[in-house]
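I have placed the structure first, in the form of C-alpha coordinates, so that the comments after it can refer back to it.
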Amino acid sequence: MTELRLEPAQPYSFERTTRRLLLFEKTFYRYRGGCFYRTLRLGHRPVTVKLDWEAGGVRVRVEEDLSRKERELLERLVRRMLSLNVDLQPFYEQMKKEPRLAPVIRARAGLHFMLDPTLYECLIKTIVSQQLNLSFAGTLIRRLVELAGETLEYGDERLPVFPTPEQVARLEYTDLQKLQFNRRKAEYIIDLSRMIADGRLDLEALERLPDEEVVERLVALRGVGRWTAECLLLFGMGRPNLLPAADIGLRNALKKLYGLAHQPTEAEVRQWGEDWAPWRSYVTFYLWDFLSG
DNA sequence: TGCCAGGAATTGC
DNA sequence: GCAATTCATGGC
(Lines give C-alpha, C1' and ligand atoms only; values in the text may rest on other atoms or scores of the structure.)
Protein backbone atom coordinates (compact mmCIF):
# COMPACT_ATOMS: atom_id res chain seq x y z
CA MET A 1 0.00 0.00 0.00
CA THR A 2 1.30 3.40 -1.03
CA GLU A 3 -0.26 6.72 -0.12
CA LEU A 4 0.69 10.24 -1.18
CA ARG A 5 -0.72 13.58 -0.19
CA LEU A 6 -0.32 16.36 -2.75
CA GLU A 7 -0.99 20.02 -2.03
CA PRO A 8 -2.29 22.11 -4.95
CA ALA A 9 -1.60 25.75 -5.76
CA GLN A 10 -4.57 27.83 -4.58
CA PRO A 11 -7.32 28.36 -5.52
CA TYR A 12 -8.13 24.76 -6.39
CA SER A 13 -11.49 23.01 -6.56
CA PHE A 14 -11.20 19.22 -6.75
CA GLU A 15 -14.94 18.91 -7.24
CA ARG A 16 -15.08 21.29 -10.22
CA THR A 17 -11.91 19.89 -11.77
CA THR A 18 -13.09 16.28 -11.64
CA ARG A 19 -16.66 16.96 -12.73
CA ARG A 20 -15.87 16.33 -16.38
CA LEU A 21 -14.66 12.83 -15.51
CA LEU A 22 -18.21 11.90 -14.53
CA LEU A 23 -19.57 13.34 -17.76
CA PHE A 24 -17.01 12.38 -20.39
CA GLU A 25 -14.49 9.88 -19.05
CA LYS A 26 -16.64 7.07 -17.74
CA THR A 27 -14.64 4.38 -19.49
CA PHE A 28 -11.48 5.09 -17.53
CA TYR A 29 -12.56 6.82 -14.37
CA ARG A 30 -14.88 5.08 -11.93
CA TYR A 31 -16.38 6.92 -9.02
CA ARG A 32 -17.27 5.11 -5.82
CA GLY A 33 -17.86 6.58 -2.41
CA GLY A 34 -16.37 9.99 -3.11
CA CYS A 35 -13.26 8.50 -4.67
CA PHE A 36 -12.14 8.40 -8.33
CA TYR A 37 -10.05 5.58 -9.63
CA ARG A 38 -8.49 4.49 -12.88
CA THR A 39 -5.48 2.50 -14.08
CA LEU A 40 -2.17 4.14 -14.91
CA ARG A 41 1.14 2.75 -16.05
CA LEU A 42 4.11 3.42 -13.84
CA GLY A 43 6.85 2.53 -16.27
CA HIS A 44 5.48 -0.69 -17.70
CA ARG A 45 3.51 -1.74 -14.65
CA PRO A 46 -0.20 -0.90 -14.66
CA VAL A 47 -1.66 -0.11 -11.25
CA THR A 48 -5.02 1.11 -10.04
CA VAL A 49 -4.80 4.61 -8.61
CA LYS A 50 -7.42 6.06 -6.27
CA LEU A 51 -7.85 9.82 -5.97
CA ASP A 52 -9.87 11.81 -3.49
CA TRP A 53 -9.84 15.12 -1.69
CA GLU A 54 -8.99 15.23 1.96
CA ALA A 55 -8.26 18.22 4.17
CA GLY A 56 -7.16 20.62 1.45
CA GLY A 57 -5.09 18.21 -0.61
CA VAL A 58 -5.32 15.31 -3.03
CA ARG A 59 -4.89 11.87 -1.53
CA VAL A 60 -3.42 9.31 -3.94
CA ARG A 61 -3.57 5.64 -3.03
CA VAL A 62 -2.23 2.49 -4.71
CA GLU A 63 -2.67 -1.03 -3.32
CA GLU A 64 0.80 -2.15 -4.35
CA ASP A 65 4.02 -1.28 -2.58
CA LEU A 66 5.92 0.99 -4.92
CA SER A 67 9.63 1.52 -5.34
CA ARG A 68 10.96 4.99 -4.65
CA LYS A 69 11.26 5.59 -8.36
CA GLU A 70 7.67 4.51 -8.95
CA ARG A 71 6.44 6.78 -6.17
CA GLU A 72 8.19 9.74 -7.75
CA LEU A 73 6.75 8.86 -11.13
CA LEU A 74 3.27 8.61 -9.65
CA GLU A 75 3.59 11.95 -7.91
CA ARG A 76 4.82 13.69 -11.06
CA LEU A 77 2.06 12.10 -13.11
CA VAL A 78 -0.79 12.99 -10.76
CA ARG A 79 0.52 16.53 -10.29
CA ARG A 80 0.55 16.97 -14.03
CA MET A 81 -2.83 15.29 -14.64
CA LEU A 82 -4.62 17.40 -12.04
CA SER A 83 -2.63 20.59 -12.81
CA LEU A 84 -1.70 20.88 -9.15
CA ASN A 85 1.18 23.26 -9.83
CA VAL A 86 -0.74 25.78 -11.93
CA ASP A 87 -1.43 29.16 -10.32
CA LEU A 88 -4.66 30.56 -11.76
CA GLN A 89 -4.58 33.84 -9.84
CA PRO A 90 -3.16 35.89 -12.76
CA PHE A 91 -5.82 34.43 -15.05
CA TYR A 92 -8.58 35.50 -12.68
CA GLU A 93 -7.10 38.99 -12.35
CA GLN A 94 -6.97 39.42 -16.12
CA MET A 95 -10.50 38.13 -16.68
CA LYS A 96 -12.06 40.67 -14.34
CA LYS A 97 -11.75 43.02 -17.31
CA GLU A 98 -13.99 40.85 -19.51
CA PRO A 99 -17.57 41.71 -18.59
CA ARG A 100 -19.26 38.76 -20.29
CA LEU A 101 -16.69 36.14 -19.38
CA ALA A 102 -16.07 37.23 -15.81
CA PRO A 103 -19.27 35.74 -14.30
CA VAL A 104 -18.71 32.39 -16.06
CA ILE A 105 -15.19 32.26 -14.72
CA ARG A 106 -16.00 33.45 -11.24
CA ALA A 107 -18.66 30.73 -10.90
CA ARG A 108 -15.95 28.14 -11.64
CA ALA A 109 -13.20 29.35 -9.36
CA GLY A 110 -10.61 26.65 -8.83
CA LEU A 111 -11.47 24.70 -11.99
CA HIS A 112 -8.26 23.30 -13.46
CA PHE A 113 -7.35 21.18 -16.49
CA MET A 114 -7.66 17.46 -16.08
CA LEU A 115 -5.01 16.09 -18.45
CA ASP A 116 -4.65 12.66 -19.97
CA PRO A 117 -1.80 10.65 -18.45
CA THR A 118 0.08 10.30 -21.74
CA LEU A 119 0.26 12.16 -25.03
CA TYR A 120 -0.47 8.90 -26.80
CA GLU A 121 -3.74 8.38 -24.95
CA CYS A 122 -4.70 11.97 -25.67
CA LEU A 123 -3.86 11.66 -29.36
CA ILE A 124 -5.88 8.50 -29.88
CA LYS A 125 -8.89 9.77 -27.95
CA THR A 126 -8.83 13.06 -29.83
CA ILE A 127 -8.65 11.38 -33.24
CA VAL A 128 -11.52 9.08 -32.35
CA SER A 129 -13.54 12.15 -31.27
CA GLN A 130 -13.09 13.99 -34.55
CA GLN A 131 -16.49 14.95 -35.93
CA LEU A 132 -18.44 12.55 -33.69
CA ASN A 133 -20.76 13.38 -30.84
CA LEU A 134 -18.99 12.76 -27.55
CA SER A 135 -21.24 9.92 -26.55
CA PHE A 136 -20.55 7.84 -29.66
CA ALA A 137 -16.85 8.73 -29.51
CA GLY A 138 -16.81 7.40 -25.95
CA THR A 139 -18.34 4.13 -27.12
CA LEU A 140 -15.69 3.72 -29.83
CA ILE A 141 -12.85 4.42 -27.41
CA ARG A 142 -14.22 1.85 -24.98
CA ARG A 143 -14.41 -0.75 -27.78
CA LEU A 144 -10.85 0.00 -28.92
CA VAL A 145 -9.53 -0.35 -25.39
CA GLU A 146 -11.43 -3.58 -24.78
CA LEU A 147 -10.02 -5.02 -28.01
CA ALA A 148 -6.39 -3.94 -27.69
CA GLY A 149 -5.68 -3.31 -24.02
CA GLU A 150 -5.34 -5.47 -20.94
CA THR A 151 -7.52 -5.22 -17.85
CA LEU A 152 -6.76 -5.07 -14.18
CA GLU A 153 -8.78 -6.86 -11.51
CA TYR A 154 -9.98 -4.51 -8.86
CA GLY A 155 -12.42 -5.82 -6.27
CA ASP A 156 -15.24 -7.32 -8.30
CA GLU A 157 -14.50 -5.11 -11.30
CA ARG A 158 -12.23 -5.33 -14.31
CA LEU A 159 -10.69 -1.98 -15.11
CA PRO A 160 -9.40 -1.23 -18.62
CA VAL A 161 -5.76 -0.21 -19.08
CA PHE A 162 -5.21 2.16 -21.99
CA PRO A 163 -3.31 0.15 -24.61
CA THR A 164 0.28 0.87 -25.55
CA PRO A 165 1.17 1.92 -29.11
CA GLU A 166 2.67 -1.56 -29.53
CA GLN A 167 -0.65 -3.20 -28.66
CA VAL A 168 -2.60 -1.05 -31.12
CA ALA A 169 0.12 -1.46 -33.77
CA ARG A 170 -0.65 -5.19 -33.87
CA LEU A 171 -4.25 -4.63 -34.99
CA GLU A 172 -5.44 -4.64 -38.59
CA TYR A 173 -7.60 -1.89 -40.05
CA THR A 174 -10.51 -4.31 -40.40
CA ASP A 175 -10.41 -5.05 -36.66
CA LEU A 176 -11.41 -1.45 -36.00
CA GLN A 177 -13.89 -1.35 -38.87
CA LYS A 178 -15.70 -4.24 -37.16
CA LEU A 179 -16.02 -1.95 -34.13
CA GLN A 180 -17.72 0.66 -36.38
CA PHE A 181 -14.73 2.89 -36.92
CA ASN A 182 -14.69 4.26 -40.45
CA ARG A 183 -11.88 3.02 -42.62
CA ARG A 184 -9.86 6.23 -42.62
CA LYS A 185 -10.01 6.65 -38.89
CA ALA A 186 -8.90 3.03 -38.46
CA GLU A 187 -5.90 3.83 -40.66
CA TYR A 188 -5.00 7.01 -38.75
CA ILE A 189 -5.05 5.26 -35.40
CA ILE A 190 -3.16 2.14 -36.40
CA ASP A 191 -0.63 3.91 -38.63
CA LEU A 192 0.24 6.45 -35.92
CA SER A 193 0.53 3.68 -33.34
CA ARG A 194 2.91 1.79 -35.65
CA MET A 195 5.01 4.91 -36.15
CA ILE A 196 5.35 5.33 -32.42
CA ALA A 197 6.01 1.64 -31.80
CA ASP A 198 8.73 1.66 -34.49
CA GLY A 199 10.36 4.78 -33.11
CA ARG A 200 9.54 6.86 -36.19
CA LEU A 201 7.44 9.24 -34.09
CA ASP A 202 8.37 10.49 -30.62
CA LEU A 203 5.47 12.35 -29.03
CA GLU A 204 7.29 13.01 -25.77
CA ALA A 205 9.96 14.95 -27.67
CA LEU A 206 7.29 17.53 -28.52
CA GLU A 207 7.15 18.60 -24.89
CA ARG A 208 10.33 20.62 -25.38
CA LEU A 209 9.02 22.63 -28.36
CA PRO A 210 7.01 25.86 -28.45
CA ASP A 211 3.29 25.70 -29.31
CA GLU A 212 3.51 26.64 -32.97
CA GLU A 213 6.28 24.19 -33.67
CA VAL A 214 4.33 21.38 -32.03
CA VAL A 215 1.32 22.21 -34.20
CA GLU A 216 3.51 22.28 -37.28
CA ARG A 217 4.95 18.84 -36.59
CA LEU A 218 1.65 17.29 -35.62
CA VAL A 219 -0.36 18.51 -38.61
CA ALA A 220 2.22 16.90 -40.89
CA LEU A 221 0.90 13.53 -39.66
CA ARG A 222 -1.96 11.94 -41.56
CA GLY A 223 -5.12 12.16 -39.49
CA VAL A 224 -3.98 15.16 -37.46
CA GLY A 225 -5.33 18.59 -38.37
CA ARG A 226 -5.08 21.87 -36.54
CA TRP A 227 -7.95 21.09 -34.17
CA THR A 228 -6.43 17.78 -33.11
CA ALA A 229 -3.00 19.35 -32.63
CA GLU A 230 -4.47 22.09 -30.47
CA CYS A 231 -6.42 19.60 -28.37
CA LEU A 232 -3.20 17.67 -27.80
CA LEU A 233 -1.44 20.81 -26.62
CA LEU A 234 -4.36 21.57 -24.36
CA PHE A 235 -5.49 18.19 -22.95
CA GLY A 236 -2.22 16.36 -23.37
CA MET A 237 0.31 19.01 -22.39
CA GLY A 238 -1.69 21.59 -20.47
CA ARG A 239 -0.30 24.49 -22.51
CA PRO A 240 -2.15 27.62 -21.37
CA ASN A 241 -2.52 29.68 -24.55
CA LEU A 242 -4.27 27.56 -27.19
CA LEU A 243 -7.46 28.60 -28.91
CA PRO A 244 -9.13 25.87 -30.99
CA ALA A 245 -11.13 28.53 -32.80
CA ALA A 246 -12.72 26.07 -35.21
CA ASP A 247 -14.07 23.93 -32.39
CA ILE A 248 -17.81 23.54 -32.57
CA GLY A 249 -18.19 23.36 -28.78
CA LEU A 250 -16.28 26.59 -28.21
CA ARG A 251 -18.30 28.38 -30.88
CA ASN A 252 -21.58 27.13 -29.44
CA ALA A 253 -20.54 28.29 -25.99
CA LEU A 254 -19.74 31.80 -27.29
CA LYS A 255 -23.03 31.89 -29.16
CA LYS A 256 -24.85 31.03 -25.95
CA LEU A 257 -22.88 33.43 -23.76
CA TYR A 258 -23.02 36.37 -26.15
CA GLY A 259 -26.67 35.72 -27.11
CA LEU A 260 -25.86 35.51 -30.82
CA ALA A 261 -28.40 34.51 -33.47
CA HIS A 262 -25.79 32.64 -35.51
CA GLN A 263 -22.80 30.49 -34.66
CA PRO A 264 -19.67 32.68 -34.68
CA THR A 265 -17.09 31.99 -37.38
CA GLU A 266 -13.58 30.78 -36.70
CA ALA A 267 -12.25 34.23 -37.63
CA GLU A 268 -14.53 35.96 -35.12
CA VAL A 269 -13.42 33.60 -32.35
CA ARG A 270 -9.75 34.27 -33.15
CA GLN A 271 -10.44 38.00 -33.10
CA TRP A 272 -12.08 37.94 -29.66
CA GLY A 273 -9.44 35.53 -28.41
CA GLU A 274 -6.65 38.05 -28.86
CA ASP A 275 -7.69 39.71 -25.62
CA TRP A 276 -7.46 36.43 -23.74
CA ALA A 277 -3.77 35.74 -24.26
CA PRO A 278 -1.80 34.26 -22.56
CA TRP A 279 -4.73 32.31 -21.04
CA ARG A 280 -6.67 31.30 -24.13
CA SER A 281 -6.68 27.59 -23.26
CA TYR A 282 -8.28 28.36 -19.93
CA VAL A 283 -10.99 30.52 -21.48
CA THR A 284 -11.68 27.65 -23.90
CA PHE A 285 -11.78 25.17 -21.07
CA TYR A 286 -14.08 27.28 -18.91
CA LEU A 287 -16.41 27.84 -21.86
CA TRP A 288 -16.57 24.10 -22.52
CA ASP A 289 -17.47 23.62 -18.89
CA PHE A 290 -20.09 26.38 -19.21
CA LEU A 291 -21.62 24.63 -22.23
CA SER A 292 -21.90 21.26 -20.53
CA GLY A 293 -23.90 22.61 -17.63
C1' DT B 1 -37.19 12.21 -40.48
C1' DG B 2 -33.00 14.57 -41.28
C1' DC B 3 -29.28 17.00 -39.47
C1' DC B 4 -25.62 17.65 -36.54
C1' DA B 5 -21.65 15.86 -33.71
C1' DG B 6 -15.49 19.18 -29.34
C1' DG B 7 -12.71 17.13 -38.22
C1' DA B 8 -9.70 15.64 -41.83
C1' DA B 9 -8.56 13.79 -46.25
C1' DT B 10 -9.82 13.42 -50.80
C1' DT B 11 -12.04 14.70 -54.92
C1' DG B 12 -13.66 17.90 -58.36
C1' DC B 13 -13.59 22.13 -60.68
C1' DG C 1 -6.19 26.86 -54.75
C1' DC C 2 -10.55 26.23 -52.62
C1' DA C 3 -15.36 24.39 -52.22
C1' DA C 4 -17.89 20.13 -52.00
C1' DT C 5 -18.04 15.46 -50.68
C1' DT C 6 -17.16 11.43 -47.87
C1' DC C 7 -17.00 8.97 -43.68
C1' DA C 8 -20.20 5.79 -39.56
C1' DT C 9 -23.55 6.07 -36.39
C1' DG C 10 -25.93 7.84 -32.08
C1' DG C 11 -28.75 11.45 -30.39
C1' DC C 12 -32.12 14.86 -30.61
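Just so you know, these numbers use all the heavy atoms, side chains as well, and skip hydrogens, waters and symmetry mates. Note on naming: letters A, B, ... go to the chains in the order of the sequence lines (proteins, then strands), and numbering restarts at 1 for each one. Remember, it's a predicted structure, so these values are computed and weren't measured experimentally.
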Please give the distance between the [atom1] atoms of [N] and [M] as a whole number of Å.
N	M	atom1	answer
dT1(B)	dG11(C)	C1'	13 Å
dC3(B)	dT6(C)	P	14 Å
dC4(B)	dA4(C)	P	14 Å
dG2(B)	dA8(C)	C1'	16 Å

Smallest separation among heavy atoms of L115(A) and R80(A), with atom names: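 Looking at all heavy atoms of both residues, the shortest contact is CD1-O, 3.5 Å.
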
Starting at the 5' end of DNA chain B, which residue's closest nucleotide do you reach first, L250(A) or G223(A)?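 Between the two, 5'-proximity favours L250(A).
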
DNA chain B: V219(A) or R20(A), which has the more 5' nearest nucleotide? R20(A)

Can you tell me the distance, in whole Å, between the [atom1] atom of [X] and the [atom2] atom of [N]?
X	N	atom1	atom2	value
L291(A)	dA5(B)	CG	C1'	12 Å
L176(A)	dA8(C)	CG	C1'	13 Å
I189(A)	dC7(C)	CD1	P	17 Å
L23(A)	dA5(B)	CG	C1'	17 Å
K185(A)	dT6(C)	NZ	C1'	13 Å
D191(A)	dA9(B)	CG	P	12 Å
N182(A)	dG10(C)	CG	P	14 Å
Q177(A)	dT6(C)	CD	C1'	14 Å

Got a donor-acceptor contact below 3.5 angstrom from the S281(A) side chain to the L242(A) backbone? yes

Please classify the nucleic acid contact of [X] as base, sugar-phosphate, or nothing, using heavy-atom distances under 4.0 Å.
X	value
F24(A)	base
L287(A)	nothing
I248(A)	sugar-phosphate

Test of ring centre spacing under 6.0 Å for F113(A) and F235(A): no

Tell me if the side-chain of [X] makes a donor-acceptor pair with the base of [N], cut-off 3.5 Å, by modelled atom types.
X	N	answer
R184(A)	dT10(B)	no
Q131(A)	dA5(B)	yes
N133(A)	dG10(C)	yes

Are any of [X]'s side-chain N or O atoms less than 4.0 Å away from OP1 or OP2 of [N]?
X	N	value
R222(A)	dT10(B)	yes
T228(A)	dA8(B)	yes
S135(A)	dG11(C)	yes
Q180(A)	dT9(C)	yes

Does atom CD of E15(A) have more than 12 heavy-atom neighbours from other groups under 6.0 Å away?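 No, because the 6.0 Å sphere around CD of E15(A) holds 12 heavy atoms or fewer from other groups.
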
Side-chain donor-acceptor pair under 3.5 Å between Q130(A) and T228(A), yes or no?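 Present: a donor and an acceptor within the cut-off.
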
Decide yes or no on side chain to side chain contact (heavy atoms under 4.5 Å, CB included) for R41(A) and H44(A), but give the supporting numbers first. CA-CA 6 Å; R41(A) 286 179 202 280; H44(A) 290 294; 6.0 Å; no

Listed nucleotide nearest any side-chain atom of L134(A), set dA5(B), dA8(C), dG6(B): dG6(B)

